[in-house]
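Reviewing the structure listed below.
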Amino acid sequence: MRNYTYVDGGVLIKSKANMAEQYGIGQYRYPLNYELAGQTITAVAGDKEYTLDFKCKVNVLFNGMLTPYECIKCAPDLYFVRVGFDVAVIDKKNSAVTLIVEGDYVMATIKGTEGAVAHTWAGDEMVGTNVRWVLGCGRYVNQEFVSEDKVKAAWAPRDGKVAENPYKAVKIGGPYYLVDMKSDILKDVCAPFFTDHVIMVQDYDRCMAFGCVFGKGFDPIMITGYAKFL
């Protein structure tokens, strides 16, 4: 007996979609990427160093602590990495790394690369962007960036219920932005009720997003989605 059915907007994979709400938004994500396994990357910011020693496909030694990680490849030489409950965006093309460690941002360059420039805050570059990130069949989040630090967001299927949330955005380079949106989650939406925040690399060239959903009471959920401009 097949475990899928065709629905409006795509294919619903019953075996995962029906298990719990937290599986719904992650079931269609891109496969995890393992290209960093066996590599060591040291990020330098001022007089501080942060070392990511990718021991294998599942564990990274991050500043002396062995931590599980997951990685999605966003573009050639650009990786979104969940390191436990922290995040690293590794931009090999520009020899830059942005870390979000316990909520603090570290914008660094890769050690040993001369002339490299760290990522910078996006300022008001996101303002005026009104986009829906589609994460699966009937699963999406709408984002309307209304100021440098505020975004109006709504989750399916209650996209009429809009909440104004704080966010931060880092310009990765080219069409890429790292967006960290704090969440005000309603019940009965496609994101888990205790979601704290959503962190995504948003690609406005290919209209794709790659990231992770964090919150209380569930493991972080890696996601990918495509853009529909509103």
Side-chain angles (χ1 to χ4, degrees), residues 32-126 148-151 165-183 195-203 209-216 219-223:
L32 297 178
N33 181 273
Y34 304 113
E35 293 177 3
L36 296 176
Q39 299 186 37
T40 300
I41 294 172
T42 301
V44 180
D47 59 354
K48 293 185 177 180
E49 293 189 356
Y50 303 83
T51 299
L52 293 153
D53 183 2
F54 294 93
K55 294 295 187 181
C56 59
K57 293 181 178 180
V58 295
N59 290 317
V60 58
L61 190 65
F62 180 44
N63 285 342
M65 182 176 293
L66 196 64
T67 307
Y69 79 95
E70 293 179 302
C71 174
I72 295 177
K73 189 173 184 177
C74 309
D77 293 326
L78 181 62
Y79 303 87
F80 181 97
V81 186
R82 176 186 69 83
V83 182
F85 290 91
D86 299 321
V87 164
V89 175
I90 298 173
D91 177 8
K92 287 188 172 182
K93 179 180 179 180
N94 297 303
S95 300
V97 177
T98 290
L99 299 164
I100 307 175
V101 182
E102 296 182 353
D104 293 330
Y105 278 73
V106 179
M107 299 176 198
T109 57
I110 296 177
K111 187 175 182 178
T113 54
E114 295 184 6
V117 178
H119 302 144
T120 58
W121 293 110
D124 62 359
E125 291 187 27
M126 303 297 298
E148 184 174 328
D149 59 356
K150 292 290 190 297
V151 56
N165 298 324
Y167 82 96
K168 295 180 180 179
V170 176
K171 188 171 185 178
I172 300 300
Y176 307 107
Y177 293 85
L178 174 64
V179 178
D180 179 357
M181 180 186 77
K182 302 298 181 183
S183 292
T195 296
D196 284 332
H197 58 291
V198 183
I199 303 176
M200 296 190 289
V201 169
Q202 298 181 355
D203 175 354
F210 316 83
C212 192
V213 175
F214 295 90
K216 301 180 183 72
D219 293 332
I221 306 164
M222 298 289 276
I223 57 171

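We number each residue from 1, following the sequence as shown.
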- Val170 versus Trp121: any side-chain heavy-atom pair under 4.5 Å? yes

- Is the count of non-hydrogen atoms from other residues, nucleotides or ligands lying under 6.0 Å from Lys92 atom NZ greater than 12? yes

- Side-chain heavy atoms of His119 within contact of Leu178, under 4.5 Å: no

- Quick one: does Val89's side chain get under 4.5 Å of Leu78's, heavy atoms only? yes

- Hey, does the side chain of Asn165 reach the backbone of Val151 with a donor-acceptor pair shorter than 3.5 angstrom? no

- Query: Do Tyr69 side-chain atoms and Val87 backbone N/O form a donor-acceptor pair below 3.5 Å?
  - Reply: no

- Task: Could you tell me the separation between the CG atom of Asp149 and the NZ atom of Lys182, rounded to the nearest 0.5 Å?
- Result: 13.0 Å

- Query: Going by heavy atoms in the side chains, are Asn63 and Val101 under 4.5 Å from each other?
  - Reply: no

- Note on the structure: Output for pair (Tyr176 OH, Phe210 CZ), nearest 0.5 Å, gives 7.5 Å

- Query: Side chains of Leu61 and Thr51: closer than 4.5 Å at any heavy-atom pair?
  - Reply: no

- Message: Can you tell me how the ring of His197 sits relative to the ring of Phe214, calling it parallel under 30°, perpendicular over 60° and tilted otherwise?
- Response: parallel

- Query: Can you tell me how far OH of Tyr177 sits from CE of Met126, rounded to the nearest 0.5 angstrom?
  - Reply: 7.0 Å

- Task: Tell me, with the steps shown, if Ile110 and Ile41 meet side-chain contact (heavy atoms from CB on, under 4.5 Å).
- Result: CA-CA 7 Å; Ile110 296 177; Ile41 294 172; 4.2 Å; yes

- Would you check if Met200 and Ile223 make a side-chain contact, meaning some heavy-atom pair closer than 4.5 Å? yes

- Heavy-atom pair of closest approach, residues Val97 and Ala43: CB-CB, 4.0 Å

- Note on the structure: For Gly84 and Pro220, the nearest pair of non-hydrogen atoms, with its separation, is O-CG, 4.1 Å

- Message: Take a 6.0 Å sphere around CG of Asp219 and say whether it holds more than 12 heavy atoms from other residues, nucleotides or ligands.
- Response: no

- Message: I need the minimum non-hydrogen distance between Met107 and Ala45, along with the two atoms involved.
- Response: O-CB, 3.9 Å

- Task: Work out which heavy atom in Cys74 is nearest to a heavy atom in Tyr79; give both atom names and the distance.
- Result: SG-C, 4.3 Å

- Looking at Val81 and Phe54, what are the two nearest heavy atoms and their distance? CG1-CE2, 4.1 Å

- Around atom NZ of Lys93, are there more than 12 heavy atoms of other residues, nucleotides or ligands at under 6.0 Å? no

- Near Lys73 NZ, under 6.0 Å, is it more than 12 heavy atoms from other residues, nucleotides or ligands? yes

- Note on the structure: Scanning both residues in full, the closest heavy-atom pair of Ser183 with Val198 reads OG-CG2, 3.8 Å

- Query: Are any non-hydrogen side-chain atoms of Leu32 and Ile72 less than 4.5 angstrom apart?
  - Reply: yes

- Item | Nearest-0.5 Å distance that lies between atom CD in Gln39 and atom CD1 in Ile90 | 8.5 Å

- Task: Could you tell me the separation between the NZ atom of Lys168 and the CE atom of Met181, rounded to the nearest 0.5 Å?
- Result: 15.0 Å

- Note on the structure: To the nearest 0.5 Å, atom CD1 of Ile172 lies from atom CG of Asp203 at 11.5 Å

- Report yes or no: does Asp180 contribute a side-chain atom to a donor-acceptor pair with the main-chain N or O of Tyr167 at less than 3.5 Å? no

- Item | Heavy-atom side-chain proximity of Asn33 to Cys71 below 4.5 angstrom | yes

